[in-house]
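Throughout, a chain's letter reflects where its sequence line sits, starting with A, and its residues are numbered from 1. Reckoned from all heavy atoms, side chains included, excluding hydrogens, waters and symmetry mates.
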There are 4 protein chains.
Amino acid sequence: MNAQSLLHDDKPRAETLKARYARVRDDTLFLCATLAPEDTVAQSMPDASPAKWHLAHTTWFFEKFVLGRDPDRTALHPEWHYLFNSYYQSAGPMHARPQRGLITRPTLEQIIDYRHQVDERVLAMLEHGVDDELTSVVILGLHHEQQHQELLLTDIKHLFSCNPLEPVYMELARASGARAQPLRFLDRPSGVVRTGHEGDGFAYDNECPRHDELLHPHRIAHRPVNNAEFIAFIRDGGYSTPTLWMSEGWQVVQDEGWQHPLYWSGDLASEFTLSGRREIDPYAPVSHVSFFEADAYARWAGARLPTEAEWETLAREQPVQGNLRGRGLLHPAPAPDDDGFGPVQLYGDVWEWTSSPYVNYPGFRPLAGALGEYNGKFMCGQWVLRGGSCVTPDDHIRASYRNFFYPASRWQFTGIRLGRDA
Amino acid sequence: MNAQSLLHDDKPRAETLKARYARVRDDTLFLCATLAPEDTVAQSMPDASPAKWHLAHTTWFFEKFVLGRDPDRTALHPEWHYLFNSYYQSAGPMHARPQRGLITRPTLEQIIDYRHQVDERVLAMLEHGVDDELTSVVILGLHHEQQHQELLLTDIKHLFSCNPLEPVYMELARASGARAQPLRFLDRPSGVVRTGHEGDGFAYDNECPRHDELLHPHRIAHRPVNNAEFIAFIRDGGYSTPTLWMSEGWQVVQDEGWQHPLYWSGDLASEFTLSGRREIDPYAPVSHVSFFEADAYARWAGARLPTEAEWETLAREQPVQGNLRGRGLLHPAPAPDDDGFGPVQLYGDVWEWTSSPYVNYPGFRPLAGALGEYNGKFMCGQWVLRGGSCVTPDDHIRASYRNFFYPASRWQFTGIRLGRDA
Amino acid sequence: MNAQSLLHDDKPRAETLKARYARVRDDTLFLCATLAPEDTVAQSMPDASPAKWHLAHTTWFFEKFVLGRDPDRTALHPEWHYLFNSYYQSAGPMHARPQRGLITRPTLEQIIDYRHQVDERVLAMLEHGVDDELTSVVILGLHHEQQHQELLLTDIKHLFSCNPLEPVYMELARASGARAQPLRFLDRPSGVVRTGHEGDGFAYDNECPRHDELLHPHRIAHRPVNNAEFIAFIRDGGYSTPTLWMSEGWQVVQDEGWQHPLYWSGDLASEFTLSGRREIDPYAPVSHVSFFEADAYARWAGARLPTEAEWETLAREQPVQGNLRGRGLLHPAPAPDDDGFGPVQLYGDVWEWTSSPYVNYPGFRPLAGALGEYNGKFMCGQWVLRGGSCVTPDDHIRASYRNFFYPASRWQFTGIRLGRDA
Amino acid sequence: MNAQSLLHDDKPRAETLKARYARVRDDTLFLCATLAPEDTVAQSMPDASPAKWHLAHTTWFFEKFVLGRDPDRTALHPEWHYLFNSYYQSAGPMHARPQRGLITRPTLEQIIDYRHQVDERVLAMLEHGVDDELTSVVILGLHHEQQHQELLLTDIKHLFSCNPLEPVYMELARASGARAQPLRFLDRPSGVVRTGHEGDGFAYDNECPRHDELLHPHRIAHRPVNNAEFIAFIRDGGYSTPTLWMSEGWQVVQDEGWQHPLYWSGDLASEFTLSGRREIDPYAPVSHVSFFEADAYARWAGARLPTEAEWETLAREQPVQGNLRGRGLLHPAPAPDDDGFGPVQLYGDVWEWTSSPYVNYPGFRPLAGALGEYNGKFMCGQWVLRGGSCVTPDDHIRASYRNFFYPASRWQFTGIRLGRDA
């Protein structure tokens, strides 16, 4: 089984926890199959992490929070905990994030060995049966691992983009030539609705509790903004018109010299992808834009971004499917089923910036213990994104899923769906 | 009439626009009465501005947006516009904000002369009568001026605090020895309410439109957190317990070495005030805390900050009065009328941090033209504060007033009122 | 007596120490005669200091090192010492240099009063007669004051250049239209020579001891490089040819975007002067160039900079006269006496960068006590300049005088004299 | 043959150029024998380079300057030249130095393959015979390679020191327990001497031309300062006494919190070495001190650093032997032959800081073409060091060799030999 086949694999949904553990953990390794050991060391910016660190940190998570439940147990590499704790202050001190690229040891091989040792022990526990609490932590750990799978891909893309040789992560198919229909705004209901996680399935603490939200009269676009539309914004002087931008965003545009989305060539013709440099598809959703760019585009277009409650209410009506990682493109593509009525592409392709700052829901309670640091402490200065992207694992997205990034971040597959007051 | 008498002056409410213009403009000058020309030049940090700049910028505002309505008019000092435009991109280019402290010319005397010239012309226009649109701009200009009056005082306080000699801005009375009652949480109604500006009075665009908000079940504290309570937080290790803090706030605590509110001495006994160094009053509301500190305190106290809609709904029930600038203390003080039932001190003393990120209301429309840059473009990364402070002009605050600052800002008179889920 | 007459004043050379003290101290005040209080506060960069600080620091020097010899004496303003100590670690702690612009109090008036009080006391001491040791310190203090007079002018020039209004410090005459002769290289002797301070006159410790130096065969240009010549360098791509530059200098050129000397307009036609913006005189010595630019120019010209020993050996043969401050131009000018044989302009006009890093002479002994910090501790990373400039007091320069600045500094009147291996 | 045996290898001196080429090139690879691919990627600070980069850059040097002499030749990897040019502006544009750690491709294996391909071609050229000019370039390339061998070791040491796991580069023997004798100062002749490179052997351009220097009366210590002596300086408050330091050095001490040499533990008991953490040997020369520390120590000891001419004149009298890389310790050690008369340890152990800023010799001519950038453009702001260290190849050092580093640099094996005025 090679990495490409993994991407196209159809996941069984009714698998045991043990099978699921094995599958998700293996996925991470498969994603590294085309990487040289050298590729797994470097950290291209403080926001990103080395692939080797992702491999180790996700394993530390299981050792710390699953195997660590046994008080008599000896840690496998106690001296590594300091290196591979990300931000759990309650779980002990940690290495400075921007220095992750200097940790050449343990080597990739040692970390893969560490993964195997932890996996062996966790699988043995699962074989013997675990209580509900531990089951929850294992499931959380698997979702955590899947989040890091997405980051691993976007971090590698960023790292490779810093190399003038523009290495190819994987030669992947391009989407066939679907075309986008003219953008339509869908009428939507307003009033008090229930949002947030519902039911028995897994959700992060930040999706809870289920609660009331008040929707004001609004409409939402049937598909994301595409590259051709975004090029029109650029050609119309979008990046040189300060009144289109948040004040802080305008400052970033000036400081960073932004003139187009990340990874694009200056002539707006090609972009760096996980398959190397490729021609820009006018009908594919624009990607690698920051909140600032999404917000400025919306203002230029006489629209606004939808709120997360508006988005979620619409998405809840749609099946969770789309150009997710399993489709094997690892790049946004035009919707094959865009008949102009939609909605299309709510899931997959690009994370969609909303107009909602990332804060807690009313009645929010973080998880107990160190895992309470998972989400709550980041509820400041970031914005909510919804819907997953072309590198999100297919079973890792849902209507209530709240992703969040700083408004200047562009290295994720992030795009734009417009909304409007009705 | 000296500066101190100004502070105690009882303002007539039914004054003509002309009288009001004269009064507000004079207030700004009176606030500078104790300053040497040297004091009006320096800029102690990028967030602050020199007093001389405030004097000039507020005058530029009237020259640009009021006198400038006459297309045949010759600008008084066209070359000054570049220097005294703050952030109105539509109104022309501007001098870099962090360099404001290098502009020693025009001198204070020249700027006061400029004020007089502009005032003479505006008053002449008002004498002849102006249309509704221009009336609105004049009123906006006066509120703008009053905002800068508050900034002028907080900027001078910061500047003087940077001088090891700790100069006194003005010798002011201390509040008499009122005591604070134990903190109570008031029961509050929930459900859909109307919030935002209502009626004919002045409001900024960001307070509009009046709209529905959904209040979840909650309670609100009857008074702000006081210094004694905040000292208990400090003594309990509040500044050294990372799990109490937003991740970004914890970073600031580390980077800046915060161990107490701004202006406090290390022994928690005294604080720098506009009257020089003074003993800390345990019953006065804690002030000069950032959102990060307010949020960490609330978490430590098992509470949370109220949302801006919760705050506004409560405040709308109360008369707009309190320890505002007119009381002449220029420092927070215990509420003389705290009977333990309250609510007290919603207006004045300290701006109260809310849990609401500063974003637009549904249906928000910025003002037309350059004035549309007044508020909207700052709706990113800041948090809403409510209620005014001890340096807010008495006629410059109302229930719907939305102030906003970055979460690490501490140089305003900013404090904490707790809220709770019910 | 006004400031301009001061500049043209013919100084009596045989004055008493008391008369000299009074003259030099008064000079500093006269230099501030055209400044508003506002102008004396601001600090335009860490290298520069506010005029008010120069006035206070030079006074502190006399209070500390002259009046302070009396152990029973009470300091006039003990709390100011922290503010106005520059870098004498042995004399107590000091305020951070980059924060000097925030010290609005004491005011200019208070500092002038402080000057008068210290002057009164020093003059009373001098009246009663002082011992040789104290005489030396007073003389050192006066030379120190004269150094700060030069800095005061260059710092004000820099500050005013940061103001888009380009204020005029003083309306001064321009030099009459002398022309420069073609550059000639003078033949010079080589071998072991004596250099360094000689005789009974005043010298800083860094000019001592008199000692042997070995001159290698060389020649020196008869006059400094002028603006026309430097423009030829610019037009020939001097600022865009990396091989002409020291590696570190090239970095600065890139980082700072240097394309011409400081204060020049982009079209190479005008420059900002102490009299405001003026046309560039092609025959005046080029000024406000860094060591990096001087060194690159020399390389481009197939020459090199002279060593300080080469320079001093030549200068010792010449009378100490030239376009110094007393000539009242405060700007470099063509030599009226340039007959093409020279040498001309060794003294005055511009400080001439040498190829000598600033290190101690063999057998160097710093002064005892805190005054030992005057020079020695800066002998790292700086380069020697010789000859004084158009803002150097006439009685403050001599053949052995060693000035020193970092190689990227440009805000002094610094220029280029070429040398060559013979 | 393994890496350790290499270090002890006794090099034949009368080898052919071809044999020498093969030997030096192989040495570089052998030095990497204990490194994982991961170790060769990371760049721990802008001053350092990844091992992989050293391997590639030294190869690029031969491809560019040796193979590149053939105008008809096709470059092996033309797109790599941008990545592996260090600072030769004349040889084309180059990748930003601080970003070297992000270049994960080409991989280590590809670079080793590149080395083999270039070696094959160069050896073929040498087989056929080359002219004198090319011979010179090959020899220059080999010395260049040896410089990078030393950097490779010091860069790896620094990188590993950044890893809390403190990896071991190689388990090496410790020196046997020799003791140091009390420090003596040797009487030395003064007057005009000849210094600089002499004879037919290889030398860099910066060692030329041979020329006269004037030595002032002086003495030089018979051995370097050792750890015990340096600890006495620390215990006497050396790092907290500002008057011992250059002003710029004191700033660095404050900013960086220096309290002891780089790599030492806070208790002054152990240090990080290429063999991991080891106890400090009191009799070994102190190492990893900056110029600032060397200069402060000398001042504390009532001495000074020798000039480079003083050092060279003494060293020329001594055989070129000592604790160089061939001894296989890769760490400074007490001199086995210290009888208290000396001089000992002029060569090897530690590079000795001199009091001489790094500038050109009189009559200096850089090499023609791009190779002229090798040395001359760095003659600003750095200080000369002499004598080689415990990681310098045995055949890469001589009396006239001038090394140079910035005064705050500490990651090389740099130490202190005292001098004195006589």
- Item | Toward chain A: residues of residues 96-120 of chain D with heavy atoms under 4.5 Å | D:Gly101, D:Leu102, D:Ile103, D:Thr104, D:Arg105, D:Pro106, D:Thr107, D:Leu108, D:Glu109
- What's the spacing between D:Thr392 OG1 and D:Gln147 CD if we round to 0.5 Å? 10.0 Å
- Message: Nearest 0.5 Å, please: how far is NE2 in D:His288 from CD in D:Gln412?
- Response: 8.5 Å
- Taking a cut-off of under 4.5 angstrom between non-hydrogen atoms, the residues of residues 80-94 of chain A near chain D are A:Trp80, A:Tyr82, A:Leu83
- Query: Can you say whether A:Pro37 sits under 4.5 Å from chain D via the side chain, the backbone, both, or neither, judging by heavy atoms?
  - Reply: both
- Would you call D:Leu330 and D:Arg325 a side-chain contact if the rule is heavy atoms closer than 4.5 Å? yes
- Below 4.5 Å, heavy atoms only, C-beta onward: do A:Phe160 and A:Asp155 meet side chain to side chain? no
- Is there a donor-acceptor pair closer than 3.5 Å between any side-chain N or O of A:Glu63 and the backbone N or O of A:Leu76? yes
- Message: Is any side-chain heavy atom of D:His158 closer than 4.5 Å to one of D:Cys162?
- Response: yes
- Message: So if I apply the ring-ring contact (aromatic ring centres under 6.0 Å, His included) rule between A:Phe405 and each of A:Trp411, A:Phe292, A:Trp351, which one comes out positive?
- Response: A:Trp411
- Flag the pair D:Phe413 / D:Lys157 as yes when at least one side-chain heavy-atom distance between them is below 4.5 Å, and no otherwise. yes
- Message: What residues of residues 255-276 of chain A make heavy-atom contacts with chain D at a cutoff under 4.5 angstrom?
- Response: none
- Message: For the CG atom of D:Leu67 and the CZ atom of D:Phe62, what is their distance to the nearest 0.5 Å?
- Response: 9.5 Å
- Message: Is the shortest side-chain heavy-atom distance between D:Tyr374 and D:His144 below 4.5 Å?
- Response: yes
- Message: Under a 3.5 Å threshold, yes or no: a donor from one side chain and an acceptor from the other, between D:Glu150 and D:Ser389?
- Response: yes
- With the side chain counted from C-beta on, respond yes when D:Glu79 and A:Leu165 share a heavy-atom pair under 4.5 Å apart, and no when they do not. yes
- Task: Report, by ascending residue number, the residues of residues 39-59 of chain D in heavy-atom contact with chain A at a distance under 4.5 Å; give 'none' if the set is empty.
- Result: D:Asp39, D:Val41, D:Ala42, D:Gln43, D:Ser44, D:Lys52
- Query: Between CZ of A:Arg121 and CG of A:Asp70, what distance do you get to the nearest 0.5 Å?
  - Reply: 11.5 Å
- CD/A:Gln254: more than 12 non-hydrogen atoms of other groups inside 6.0 Å: yes
- Message: Counting only heavy atoms not in A:Glu279 (residues, nucleotides, ligands), do more than 12 fall under 6.0 Å from its CD?
- Response: no
- Query: Should A:Arg410 and A:Glu293 count as side-chain neighbours, where that means a heavy-atom distance under 4.5 Å?
  - Reply: yes
- Message: Please evaluate residues D:Glu145 and D:Asp27 with respect to the criterion side-chain contact (heavy atoms from CB on, under 4.5 Å), reporting the C-alpha separation (whole Å), side-chain torsions for both, the decisive distance (0.1 Å), and the verdict.
- Response: CA-CA 9 Å; D:Glu145 180 114 10; D:Asp27 282 0; over 6 Å; no
